[in-house]
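In what follows, every chain begins at residue 1, and chains take the letters A, B, ... in the order their sequences are listed.
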Amino acid sequence: MKGEILLHWLAVTGYSLSAVAFIYSLVFKKRTFKAGMVLAAAGFLFHTAALGLRWYNTGHGPYMRVYEVYSSDVWIAVLIYLVIQFAKPKLRIFGLFVMPSAVLLIGMAIMASKEIRQLPETFRTFWLILHIFFAKIAYGSLLIAAVAGVLYLLKARYDTRNLEWLNKIPKLDYLDELNYKFTGFGFFNLTVMIAAGSIWANQAWGSYWSWDPVETWSLITWFIYAIYLHLRRMHGWKGAKAAWFSVTAFAVLVFTLLGVGLIYISNHSPYIS
Amino acid sequence: MSLGKKIWQFATSPSLALKLIAVVTIVTIFGVLIKVDKTFTFVRMVNSVPFTEKLGLQNVFDTRWYMFLVFLIFINTVACTVKQALNRKKTWTAFTPVIQFKAAVDEEFMDKAARVLRRKRYRVAVEGKTVKAEKNMLGYGSSVVFHTGIIIIIAGAFLSVGLRMSGRFPLFIGGTFTDMHKGYYSINEGPLFGEKHGQFELELNGFEMISQGKGKIQSMESLVTVSKDNRILARGKTNFSVPLKVGNFTFYQFNLFGYAPTLVVDNPDGLKNSYVLIMNTIGSPPNYRFIYDFVVPNTPFQVSAELFPDYNGIAGKPATRSWEIRNPVLKLMVKDNEGTVFSGILPASGSVSFAGYKVSMPQVRYWSSFNVVNDRGLSVIYAGFFVLSLGAAMIYLYVPQKIQFIGTDDGVNVGGWSPRYKVALTDELNEVISAILKERSPGH
């Protein structure tokens, strides 16, 4: 357990320094962006080791209780970010939002109870793995979409002032399309996540849909992203309007992921409490 | 415009779809907020306004008006999907050129362009001085597939709501449950289920509790035999993660268990009666209690019984060491109209006597409880999930794209079309042009 906590703290250190490097680069116009990337990658390696050790210690994947759930959510988000920036270096700027979010969430994870909870028998199913896998990919993608939205709004707001740091942000139409692409990808993953979760619930409890709070809020989130996609596709919404919508939708997603399970008793309480 | 056309236009309007999704979203948010508000403060507030109490706000999701909203979405989705399927663009359209560059438009150029585009997985057609290329055409049908998935799911959900039956019943080892409406401890039936009972008998052959230590139970597993008209349909195990499916019925191990001691009462007149007590399990682990209160028929006695399956032997403060039946004892209190006639411990191997009666407990068995579900809509919903996921994957993976090169005397005009990603298309056009310009002629 001690090794796992130490590795988690090393990951936090890497992510925190990476966030500082990104902010420093932007505010003081220093070339610390690459250092930020290296630190994020180093933190990710420690994080991977920490989760691997946790998996070994618990005998199940990192999806029971706040500590494991939040930590693995951060892991996926950082992984998606690292892959994206590797494929498209001009998107490194996304780290400015992804890394501080990662630090915040992993901090919440580390502060939570680290007691090992055995996997309930109903959780030992392929459908649960599928449900969690697609959930994490969906959250990571929609985070990136929201970051694209925030960057769009920042660039659009201050573009006329000819600020140097704005040059590091990709062009508006590119950000807008990125927001659309990642929302589409996130929506696909949300769809499969809800379907797999429903099949799992039926297998475990004999009911594919029970209007459980987390279940219902996931459906609401799905509806909201469906509205976003319809607005873009059918009504030509793009630019600032779409960016605002995306950021708001992500706030609902965060509430569904972090808020609902903590506030209400639900079928998801055993893993989130 | 005819009325039919007007209705068709209204039903297929994308803005109607958007409005309906928005309304359902808002109502669902209210519904879930009310559902978790155990004090129903909001419901009481709204119900104080005349005519609103019939809205059924305590459970919005079970109301007819919520179902009607979902039905409207269903109709709108069907109409829009049919329209989309009919309007699939099959013909080639000319695109407004977005890029122009200088190049000698000869056969060699056309050949290079075709090669580059084919390498990028485009289907290419060369017509004179025009190169037409398209890829991911499967994506044209993706939205239709996705929305068909939604239609199937909603249809399945309606079937499920109408035809579903779910019930719960307890059963002790060796006992048989017959599927009769009144036999269930609790039962829910859809309005169209039609009381089609008498479909199975279930016998509990064995029961096992899997402990995870500290008085906590990891799982429960039952061995059951399902039969109909004395013909065995299936024999197998069911536990928390594996239900048993037999025909249209699925049997689930429910997480409630208890004990069923057999009490034998020898009456003073020589008659012998035996009773199987399916004891109530109250509390939560590790503080379970197993109790049963009953009036013994044809006697003045009222019995309060509590079972300790693995008695620790402390008479003053009885407790159990585990949930396994190892050393079962029954703590008995017998009262008649005048007061307590007996209070004490009845061990499994012994008997107790009072007022001429002798009570013994020859057997203690487990009882287990089961949920049984008969849901005709489920397979339809699952099929819908599959189609929906397939459609969502197609939408993302197959973004249709078309590129057109038109050779002119001044050079080449390049245009293209993509339903969603215009910037990506422009990047692709630039990439293709650059690749064509770098492409060597065959033989070089």
Side-chain angles (χ1 to χ4, degrees), chain A residues 118-125 128 134 171 173-178 180-181 184-185 187-192 194-196 198-199 202-217 219-224 226-227 229-235 238 252 260 263-266, chain B residues 14-15 17-18 21-22 24-25 28-29 31-32 35-36 59-62 143 146 149 153 157 160 166 210 212 216 218-221 239-243 250-255 371-373 375 378 381-382 384-386 388-389 391-393 395-397 399 419-424 426-427:
Chain A
Q118 284 209 357
L119 204 62
E121 206 57 29
T122 46
F123 281 49
R124 293 179 196 279
T125 157
L128 176 73
F134 281 98
K171 284 180 184 169
D173 53 356
Y174 184 75
L175 284 170
D176 184 45
E177 199 158 293
L178 213 62
Y180 190 16
K181 269 185 182 174
F185 185 57
F187 184 73
F188 155 63
N189 286 287
L190 267 186
T191 306
V192 183
I194 293 173
S198 181
I199 294 171
N202 186 65
Q203 195 180 324
W205 302 295
S207 171
Y208 56 87
W209 197 263
S210 55
W211 297 108
D212 168 84
V214 173
E215 207 171 66
T216 312
W217 274 103
L219 181 68
I220 290 165
T221 311
W222 189 85
F223 278 147
I224 290 172
I227 291 172
L229 293 172
H230 276 89
L231 281 171
R232 278 205 85 122
R233 190 88 175 85
M234 306 291 175
H235 295 267
K238 55 182 192 175
V252 177
V260 181
I263 297 170
Y264 307 122
I265 294 168
S266 84
Chain B
S15 64
L18 202 60
I21 300 172
V24 169
T25 307
T28 306
I29 291 172
V32 71
K35 204 173 158 86
V36 294
N59 198 346
V60 168
F61 307 121
D62 281 348
S143 179
F146 181 81
I153 289 172
S160 173
S166 68
I210 299 141
Q212 64 176 49
K216 290 187 177 175
Q218 169 83 8
S219 182
M220 299 174 194
E221 188 168 82
N239 58 38
F240 284 172
S241 54
V242 183
T250 310
F251 299 92
Y252 296 87
Q253 174 70 58
F254 188 62
N255 65 350
N371 279 343
V372 56
V373 177
D375 193 338
L378 192 64
I381 291 174
Y382 280 12
F385 281 157
F386 175 74
L388 183 77
S389 303
I395 287 175
Y396 190 76
L397 296 173
V399 181
R420 293 197 285 275
Y421 309 132
K422 312 294 178 202
V423 177
T426 311
D427 287 351

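Applying the salt bridge (charged side-chain N to carboxylate O under 4.0 Å, His left out) test to B:R420 and every residue at least two apart in sequence or in another chain returns nothing. Residues satisfying the salt bridge (charged side-chain N to carboxylate O under 4.0 Å, His left out) criterion with A:E177, sequence neighbours excluded, are absent altogether.
Contacts with chain A were tallied for B:I381, B:N255, B:N371; B:I381 has the most, counting heavy-atom pairs under 4.5 Å. For the set B:V373, B:I21, B:V24, the count of heavy-atom pairs under 4.5 angstrom toward chain A peaks at B:I21. Comparing B:S389, B:G391, B:A17 by heavy-atom pairs within less than 4.5 Å of chain A, the highest count is held by B:S389. When A:H230, A:K171, A:Q203 are compared by the number of non-hydrogen pairs under 4.5 Å with chain B, A:Q203 comes out ahead. Taking A:N202, A:D173, A:T191, A:V192 one by one and counting their heavy-atom pairs under 4.5 Å with chain B, the maximum is reached by A:N202.
Within the 4.5 Å cutoff, the side chain of A:M234 has no heavy atoms near those of the B:L18 side chain. B:S160 places none of its side-chain heavy atoms less than 4.5 Å from the side chain of A:W209. Between A:T216 and B:F61 there is a side-chain heavy-atom pair separated by less than 4.5 Å.
Note on ring orientation: taking the six-membered ring where Trp is involved, the planes of B:Y421 and A:Y180 are perpendicular (angle over 60°, cut-offs 30° and 60°).
Heavy-atom distances place the side chain of B:L378, and not its backbone, under 4.5 Å from chain A. For A:Y208, the part sitting under 4.5 Å from any heavy atom of chain B is the side chain, from C-beta outward, and nothing else. With a 4.5 angstrom heavy-atom cutoff, B:S166 does not touch chain A via any of its atoms. At a 4.5 Å heavy-atom cutoff, A:R232 makes no contact with chain B through either its backbone or its side chain. Heavy-atom distances place no part of B:T250 under 4.5 Å from chain A, backbone and side chain included. Interface residue B:D375: only side-chain heavy atoms are found under 4.5 Å from chain A. Looking at A:N189, neither its backbone nor its side chain comes within 4.5 Å of chain B, counting heavy atoms on both sides. In this structure, chain A has a heavy atom under 4.5 Å from the side chain of B:F146, while its backbone stays farther away. Heavy-atom distances place no part of B:I395 under 4.5 Å from chain A, backbone and side chain included. Using a 4.5 Å cut-off between heavy atoms, A:K181 touches chain B through backbone and side chain atoms alike. Heavy atoms closer than 4.5 Å to chain A are found nowhere in B:S143, neither backbone nor side chain.
Taken from OG1 in B:T25 to CD1 in A:I227, the straight-line distance is 4.0 Å, to the nearest 0.5 Å. Taking CZ from A:F188 and OH from B:Y396, the interatomic distance works out to 10.0 Å, rounded to the nearest 0.5 Å. Note that CD1 of A:I220 is 5.5 Å distant from OG1 of B:T28, once rounded to the nearest 0.5 Å.
Summarising the local packing, NZ of B:K422 is surrounded by more than 12 heavy atoms from other residues, nucleotides or ligands at distances under 6.0 Å.
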